[in-house]
Amino acid sequence: MGVHAERFDATLADLDVPVTHTDPTGFNRTLETIARDPAIGTALPFESVSLPDWVDDEATPATLQSASTGITAASIGIADYGSVVLPATPSGAEQVSLFSDLHVAVVRADDIVPDMRTAIDRLGPRLRDGGSVIVATGPSATADMGALVRGAHGPRDVHVVVVETGDEADE
Amino acid sequence: MSSVDRAAKADRIRHLLETEGDAVEANTLGFNRGRYESVADLEDYETLKEEARTIKENAIERLPELVDELTATVEENGGSVYLADDAADANRYIRDVANEAEADRVVKSKSMTSEELEVNDALEREGVDVVETDLGEWVLQVADDAPSHIVAPAIHKSREEIARLFTDQFEPDVPLETAEELTMFARERLGDLIEGADIGMTGANFITADSGSIVLVTSEGNARKTAVVPDTHVAVAGIEKIVPSVEDLAPFVELIGRSGTGQDITSYVSLLTPPVESPVVDVEEPDVAFADRDDRRDFHLVLIDNGRTAMREDDQLRETLYCIRCSACANSCANFQSVGGHAFGGETYTGGIATGWEAGVHGTDSAADFNDLCTGCTRCVNACPVGIDIPWINTVVRDRLNREGDDGRFEFVYDELVPDEEPGGLDLQKRLFGNYGTLARVGSATAPVSNWLAGLAPVRALMERVVGIDERRELPTFQRETLREWYDARGPRIDTADADREVVLYPDTYTNYVDTDRGKAAVRVLETLGVRVRVPAVGESGRAPFSQGMVATANRQASRVYAALAEDVDAGRDVVVIEPSDLAMFRREYEKLLPERSFERLRDNSYDICEYVYGVLENGGDPGGLRTAGDGPGIAYHAHCQQRTLGLDRYTTAVLDYLGYDVVESDVECCGMAGSFGYKREYYELSTDVGDRLADQFAEPDARDRLVVASGTSCEEQLGDLLDRDAVHPIEVIDPRFRWPDP
Ligand code: SF4
């Protein structure tokens, strides 16, 4: 595990956000243990892994309402904040990551960067190209009703899955 | 202000203290504590702040150019940009967009800029239903109430109140009690309202000119839903929100949440480049897969000027435009912690920086009502992530307000007593406190008669009626013999030949005429350390008029002080200051009042008394003759607010520690007395409410039997009033002649 990934794990632990590491072969099984039924998702733009069959990858307004889990790709993990960068896509990744009770963010270990500045530097070209992203850190939350509550308009729980590819995967 | 107005204002403040004070206090104190903890985790906090400041300075400098660049970018992306001169102009445009879209419902995520426009009213007049989706903002909408804080608009409402409100309004099937139940209820109701909305309206925390991205800093996720569920997105933002590039966002993303609510980062920082690629969530086509949709999204960016261009050209108000609306200034403000934004705010904005915003966007008058709640304690200055000198903006606006109202009626009576440089119509109370130095001189010269007079009930009643000095406050007792007279008669005790150093002890008004004891103690301590002391005739620092917004008078006094001290500074003598608010003048405020070189020379050569003692000890000075802790009680120490801002309190604790004292230090931002503030009839209740936070700390088991020590005059008086224990200055504690007061 890279040094950034360790920091990433520790920060997520402070945020009370569970994180699971897996390799491409264990990916489906890992998702199975995490996701609650029914699950929807948007296609993962990674070579090594893709969404298993039991995840509905053609989300609609109706399934958005009924799904318990939404699974989407994160393009960057930010170690010192425990944040994941969620790109919005025409297939509805923004909505899928927001509406369900549980959001599972899938990030490649290689995409974990040390800090916010590195992440923002990477985002510059993408945004100038018309892209949109959400830097998400932990679940949705509010303190407006007199105490901190998770799950205000967005997910109550977030789970981060880190996929170890390349050299690490072979070990 | 008339005595009737004063009484009305006092009533209003008392009412807010009783009804909203507790909730506001708990929340702001929590945010503020969180800020201290969260910024402490940043290794490069100061660097980030400087970087943020520089980006804002440059962006405002280049603003016209950035507006053009942004406009081109957004239009290239497929959106529209409208540059609105004022609120009416913006609202007209937004109404047209709503008409075009045949909108029945607009969902909105929280935005102060939209509050500034009062766009809800404008749309509702057209028959459009407007729904706030931020939970706090929605509570206020349901309650028909106004925000009291720029980040947490409903902090003045307790959970119980919200539960009652929801029960009355919605008659839910199951009773709502816990925060969780209330939140889920709101989530569901709002979720339904967001679906099927025709337009989503957001503000923008930042906008990047290079990519046309809207940055929204939120925790709930409502802004994300608002922006992507309906097919039309209207973003409203002041022109000052533009930064040149995406990369410029870095320091702000790290600072904004920490500064405001003390979160390292909020749950969501959305960087949306509209029109976004995300598909529309169309409830009328529930089974069409998102991937199969081909949406045409509409995006309108409404950039608001509304006075900002004029602010940019105003040398004093320009800084306000650097503000990122994080709320740190409000949370760190002792007065705000007590009364919140319903007292400490104008038409739209609340807290310390509200004066600048209100004066800029709604006009100076709109800042008049609450501007005096800034006591110039400066605790917000270090808290502000872009380094805005918020108290200075408050002083400038106060000065402008002073110059506006002018009926000249009392001029002839007053001019003898108050020889200032200000317009004749200036509020009598301000004039009196602004000329405290003259008052003290006359009071001392006529003591004990003046003291006797000041204690007489009819005189006090008159003082309360005419100038608004609250009858409940004990007035300072003037000494017949001033510190300077005492010193002149006594002479120096260290020969020039034996002296390691020579200093000028600045005889501030209070030390010279009222608390001469601490001045004498300072002389003895310095001499014990082998320092030759001079106490020359130097006038008032200008703090008193400065705090009343009488800038011209302060200016004149600053020049005189500099003229009187320049020779000593030339001769290599250090200037040692006892009263922290005067030292803060020399080190900070004089930057605005003196030529640069003069300011720098005085700044670099003046020291807080304990800082100086610390320096002498560090350089091998012999502490032998100083009073050590012995078996006396421990110390409960309250550093002065301005001293803490300057980072000087640590020298006092270090000196006390070195001499064996056991010190507990308070962490409240300000004692609430703040010079003359606590004497004023209209603010007396507020002042004691703020002071209670400090008093409570010193009533804790760990502090209650300790000697109360405070660095500032006002703090000593406030503590004395609230605790019934006499407070002393730290220099008195280490004076060889000091005796512990009887318990
Ligand atoms: S003035 Fe500074 S501290 Fe206050 S809200 Fe603006 S940026 Fe924040």
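Lettering of chains follows the sequences in order, A, B, ..., and the numbering in each one begins at 1.
Considering every non-hydrogen atom in both Ile134(A) and Ser270(B), the closest pair reads CD1-OG, 3.5 Å.
Contact annotation for Phe185(B): neither backbone nor side-chain heavy atoms come within less than 4.5 Å of a heavy atom of chain A. Looking at Ala23(B), neither its backbone nor its side chain comes within 4.5 Å of chain A, counting heavy atoms on both sides. Residue Ile162(B) touches chain A through its side chain alone, counting heavy-atom pairs closer than 4.5 Å. No part of Ser158(B) comes within reach of chain A, as not one of its non-hydrogen atoms sits under 4.5 angstrom from that chain. Only the backbone of Asp282(B) comes within contact range of chain A, with heavy atoms under 4.5 Å apart. Contacts of Leu48(B) with chain A are made by side-chain atoms alone, with heavy-atom separations under 4.5 Å and no backbone atom involved. Only the backbone of Arg150(A) comes within contact range of chain B, with at least one heavy atom under 4.5 Å from a heavy atom of that chain. For a residue to count as touching a neighbouring chain, one of its non-hydrogen atoms must lie under 4.5 Å from one of that chain's; by this rule Val253(B) touches chain A with the side chain only. For Ile194(B), the part sitting under 4.5 Å from any heavy atom of chain A is the side chain, from C-beta outward, and nothing else. Proximity to chain A (any heavy atom under 4.5 Å) is shown, for Asn77(B), by neither the backbone nor the side chain.
When each of Gly151(A), Ser140(A), Ala62(A) is scored by its heavy-atom pairs under 4.5 Å with chain B, the top score falls to Ser140(A). Of the listed residues Ser83(A), Gly138(A), Gly130(A), the one with more heavy-atom pairs under 4.5 angstrom with chain B than any other is Gly130(A). Note on Ser245(B), Ala250(B), Ser213(B), Ala179(B): by heavy-atom pairs under 4.5 Å with chain A, the leading option is Ala179(B). With chain A as the partner, the residue from Thr73(B), Val280(B), Leu182(B), Leu135(B) showing the most heavy-atom pairs under 4.5 Å is Leu135(B). The choice from Ser219(B), Pro279(B), Gly136(B), Pro275(B) that makes the most heavy-atom pairs within less than 4.5 Å of chain A is Pro279(B). When each of Ala88(A), Ala136(A), Pro155(A), Gly146(A) is scored by its heavy-atom pairs under 4.5 Å with chain B, the top score falls to Ala136(A). Note on Pro125(A), Ala59(A), Ala93(A): by heavy-atom pairs under 4.5 Å with chain B, the leading option is Ala59(A).
The shortest side-chain heavy-atom distance between Pro61(A) and Val283(B) does not fall under the 4.5 Å cut-off. You'll find the side chain of Leu86(A) stays beyond 4.5 Å of the side chain of Tyr268(B), heavy atoms only. Side-chain atoms of Val149(A) and Met184(B), non-hydrogen and from C-beta on, do get closer than 4.5 Å to each other. Looking at heavy atoms from C-beta onward, Glu220(B) lies in side-chain contact with Asp144(A) at the 4.5 angstrom threshold.
Identified under the side-chain hydrogen bond (donor to acceptor under 3.5 Å, both in side chains) test for residues 85-96 of chain A, with sequence neighbours left out: Thr89(A)-Ser91(A), Glu94(A)-Arg224(B).
Heavy-atom proximity under 4.5 angstrom to chain B picks out Met116(A), Arg117(A), Ile120(A), Asp121(A), Leu123(A), Gly124(A) from residues 112-124 of chain A.
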What do the steps show when you test Leu64(A) against Val281(B) for side-chain contact (heavy atoms from CB on, under 4.5 Å), and what is the final call?
CA-CA 9 Å; Leu64(A) 200 58; Val281(B) 182; 4.3 Å; yes
Evaluate side-chain contact (heavy atoms from CB on, under 4.5 Å) for Phe99(A) paired with Val229(B), printing each intermediate quantity in order.
CA-CA 11 Å; Phe99(A) 276 71; Val229(B) 171; 3.9 Å; yes
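Other residues, nucleotides and ligands contribute more than 12 heavy atoms inside 6.0 Å of the CD atom of Glu181(B).
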